[in-house]
Amino acid sequence: MAGLELLSDQGYRLDGRKPSELRKVQARMGIFTRADGSAYIEQGNTKALAVVYGPHEVRGSRSKTLHDRAVINCQYSMATFSTAERKRRPHGDRKSSEMSLHLKQTFEAAILTQLYPRSQIDIYVKILQSDGGNYSACVNAATLAVIDAGIPIRDYVCACSAGFVEDTPLVDLCHAEETGSGTAVALALLPRGGQIALLQMDARLHQDHLDPVMEAAMTACRSLGQVLDGVVRQHLQEVSILTGE
Amino acid sequence: MKETPLSNCERQFLLKAIEEKKRLDGRQTYDYRNIKITFGTDYGCCIVDIGKTRVLAQVSCELVAPKDSRPTEGILFFNLELSSMASPAFESNRQSELLVKLNRLLERCLRNSKCIDTESLCVVAGEKVWQIRVDIHVLNHDGNIMDAASIAAITALSHFRRPDVGIQGEEVTVYALEERDPIPLSVYHMPICVSFSFFQQGTYLLVDPCEREERVMDGLLVIAMNKHREICCIQSSGGIMLLKEQVLRCSKIASVKVTEITELINKALENDRKVRKDGGKFGFAESMPKERITALKTEVAPVEMTDIEEKAKEIISCYPVSENVSSPVVCAPGTGQVGEGLQNSWGLEEVDALEDDVGEEREEQDMREQLEEESRNAEKGDVVVISDSEEEDVVILHEGTQRRRRRKKQVI
């Protein structure tokens, strides 16, 4: 990838976006009837599906039951056809386990688990097409699915990835930018309070550049939050028209 | 084996102490415990101690075929193991969350930051490259395994020497250690992880949590940096909400700590190199001090005693003076008091099976009344001890049981 310029002289990226521009977001809620909540999101070419079951009784080992709050169980998997080369192990490998843990941690912070003691909330996320920003798409899809399921949460959880190329922070990285630039920051934010639910960074970044990158990611998360809010309100409108309320 | 749960009073004690900026071992908020680095006899083997947490890292190498996507680069493989030796809570067969987290963090911190030059590990492009494998074993868990593991890994990698290779046409010869001196790996920079633990929803933060502090913490933030102030990896875990300012402040603290630790590593490497060159003795056996029974020794912990008398007097004067009871009733060991601070007491255990619970209680009360009567009749100011043992009383056994039986008849 040596010839590909991640940021051209005029300030345009590989796909023609400006550094602080997000990819096009399209989302749908309530796509599956069996699940309590479901959502589908497309961020550029990255497509993610999220399904929520719960709150229900703790399945499997009873020992996991917590007496004062709900247990959140997340599973992250990628479809074998989601990447350029066929993925041999869709789930169970270390990267998927790590992603599942991160999702669990993010939603434990956001969902009001105190309202459902001794129960379990399952969140299953699947990546159908991976073009960078896997974690962010998962989190956004899962937020919509949780709202669709009617589980109370503190605030929308919006996630976005950010990078740093030639002294400019780039926002919402695609696959080529993620592998090429090296620096990739994934940030999950609760927009109203400005609280960071999860912060993850890979590869080298000088300490002085941390502030602008984080700031750019947080601004992007806030705009994503507005988009998600619009999606939820529109869905609610459609549902209320259909049910005749 | 399931870990013994932390009791409520211990948890409250720890949290309260943290609020007053005091730690269990007397450290300051941003202090690390004592870090000790020792090397083994072979190249690439080192043990790192942070306080009592002990981690062993061993580096080995092998010639393998490279990955298809990167034919000219060597392979770095990290493996961290939590055995039951480190803590009874670790079960060796299950892949626990902690194991996945530590392994992934180590991989991201050391592999993605490109601290080792993998291109120099290529022998024959597309066919043979060196695979460097770092195995890390946790020997003793007293908190903050992540930092110890990262220090151990990077120190072992810097200490390691791989065998020299000679290529003649199509033939590749790997020279043994005796034939040619082994070559060190080219380490670009040393990424070191620094762990910050958060308490009370992010209000208080501590660097280098020990095992007890880890149990009461809300969440953990790990920042991996090198001495050139480049951040190699950040990971927040545990479901805490952070603010941007907190993250930036932590990164500043981390840069200071990392510089200190990198100096320590370099000094340790230098010492070891000197000892090997001068032909002195080296290895683990040498670095462990002799004639010391490690199992029975507890380190002397300094306790601040400067104004303890005034403080004690203040506390005593604050609380209301309890009344002086002429003959206080004290329960000796052997008689239990059940319940949170209430005056419950168990029924006497040597009671016959025939009696009811109700009968038991009443009988016990009667016994107590009887004893109190006795004490009042006896000398005043004596402390009356209620205990199972009847040693103090000069009572002939069957007379006592007769008395009891008489009492029972009265009750019933």
Side-chain angles (χ1 to χ4, degrees), chain A residues 63 69 72 74 84-85 92-111 113 154-155 157 164 178-179 182-190 193-219 221, chain B residues 2 68-69 78-80 95-109 111-115 188-189 191 201-202 218-226 228-256 258:
Chain A
S63 57
R69 29 185 230 275
I72 304 206
C74 282
E85 277 176 20
D93 62 331
R94 274 189 194 165
K95 262 197 193 155
S96 306
S97 306
E98 192 199 14
M99 281 286 226
S100 308
L101 276 179
H102 290 162
L103 281 171
K104 179 180 145 114
Q105 170 199 328
T106 317
F107 282 95
E108 260 177 7
I111 295 180
T113 46
R154 293 203 166 88
D155 194 2
V157 187
F164 198 77
E178 260 181 13
T179 43
T183 320
V185 173
L187 194 144
L189 183 78
L190 272 67
Q195 295 155 318
I196 302 172
L198 183 126
L199 176 62
Q200 184 180 314
M201 201 199 82
D202 285 331
R204 290 193 296 190
L205 178 72
H206 196 268
Q207 192 186 356
D208 299 332
H209 302 318
L210 183 63
D211 193 11
V213 171
M214 278 181 76
E215 195 52 53
M218 286 169 82
T219 322
C221 285
Chain B
K2 205 159 183 240
D68 296 326
S69 49
F78 296 95
N79 184 32
L80 188 142
Q95 215 200 27
S96 66
E97 273 183 23
L98 180 65
L99 187 67
V100 170
K101 200 172 75 133
L102 291 171
N103 266 303
R104 279 295 300 157
L105 202 56
L106 203 65
E107 261 184 39
R108 280 165 51 201
C109 165
R111 195 194 286 163
N112 294 7
S113 63
K114 303 207 184 350
C115 60
Y188 286 144
H189 62 99
Q201 279 86 45
D218 285 337
L220 190 72
L221 176 70
V222 178
I223 300 185
M225 281 179 78
N226 60 24
H228 308 295
R229 290 183 60 217
E230 288 173 338
I231 302 179
C232 304
C233 177
I234 298 183
Q235 182 65 55
S236 76
S237 61
I240 29 150
M241 311 279 222
L242 295 172
L243 295 169
K244 192 177 71 140
E245 292 72 34
Q246 286 176 314
V247 178
L248 294 173
R249 193 158 44 105
C250 288
S251 74
K252 290 197 182 74
I253 300 169
S255 63
V256 172
V258 162

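Below, read A as the first sequence line, B as the second, and so on, with proteins coming before strands; counting in each chain starts at 1. Here the structure is a predicted model, which is why all the values come from computation and not from measurement. Hydrogens, waters and symmetry mates are skipped; everything else that's a heavy atom, side chains included, is used.
To the nearest 0.5 Å, atom NZ of residue A:Lys95 and atom CZ of residue B:Arg104 are 5.5 Å apart. Distance check: A:Asp202 CG to B:Glu107 CD gives 11.0 Å after rounding to the nearest 0.5 Å. Between the CD atom in B:Gln235 and the CE atom in A:Met201 there is a gap of 11.0 Å [rounded to 0.5 Å]. Rounding to the nearest 0.5 Å gives a distance of 5.0 Å between CG of A:Asp211 and CG of B:Leu248. A:Gln195 contributes atom CD, which lies 9.5 Å from atom CG of B:Leu242 (distance to the nearest 0.5 angstrom). How far NZ of B:Lys244 is from CG of A:Leu187: 10.5 Å, rounded to the nearest 0.5 Å.
Interface residue B:Ser251: backbone and side-chain heavy atoms are both found under 4.5 Å from chain A. Heavy atoms of B:His189 lying under 4.5 Å from chain A belong exclusively to its side chain. At a 4.5 Å heavy-atom cutoff, the contact between A:Leu101 and chain B is made by side-chain atoms alone. Using a 4.5 Å cut-off between heavy atoms, B:Gln246 makes no contact with chain A at all. Heavy atoms closer than 4.5 Å to chain A are found in both the backbone and the side chain of B:Ile231.
Across B:Cys232, B:Gly202, B:Gly219, B:Ser113, the residue that shares the most heavy-atom pairs under 4.5 angstrom with chain A is B:Cys232. Your options are A:His209, A:Glu215, A:Gln200, and the one with the most heavy-atom pairs under 4.5 Å with chain B is A:Gln200. Per-residue heavy-atom pair counts under 4.5 Å with chain B were compared for A:Val185, A:Leu189, A:Asp208, and the maximum is reached by A:Asp208.
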Item to check | A:Gln207/B:Glu230 under side-chain contact (heavy atoms from CB on, under 4.5 Å): CA gap, chis, key distance, verdict | outcome: CA-CA 6 Å; A:Gln207 192 186 356; B:Glu230 288 173 338; over 6 Å; no
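Applying the side-chain contact (heavy atoms from CB on, under 4.5 Å) test between A:Ser97 and each of B:Leu99, B:Val100, B:Asn103 identifies B:Val100 as the sole match.
Look at A:Glu98 and B:Lys101 and you find no salt bridge, because none of the NZ, NE, NH1 or NH2 atoms lies under 4.0 Å from a carboxylate O.
You'll find the side chain of A:Arg204 stays beyond 4.5 Å of the side chain of B:His228, heavy atoms only. Residues A:Leu205 and B:Ile234 fail the side-chain proximity criterion, which asks for heavy atoms closer than 4.5 Å.
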Cut-off 3.5 Å, no hydrogens considered: what does the side-chain donor-acceptor table look like for residues 104-111 of chain A, sequence neighbours left out?
residue  : atom : partner  : partner atom : Å
A:Gln105 : NE2  : B:Ser236 : O            : 3.0
A:Thr106 : OG1  : A:His102 : O            : 2.6
A:Thr106 : OG1  : A:Tyr135 : OH           : 2.9

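B:Lys114 meets the side chain to side chain contact (heavy atoms under 4.5 Å, CB included) test with no other residue; sequence neighbours excluded.
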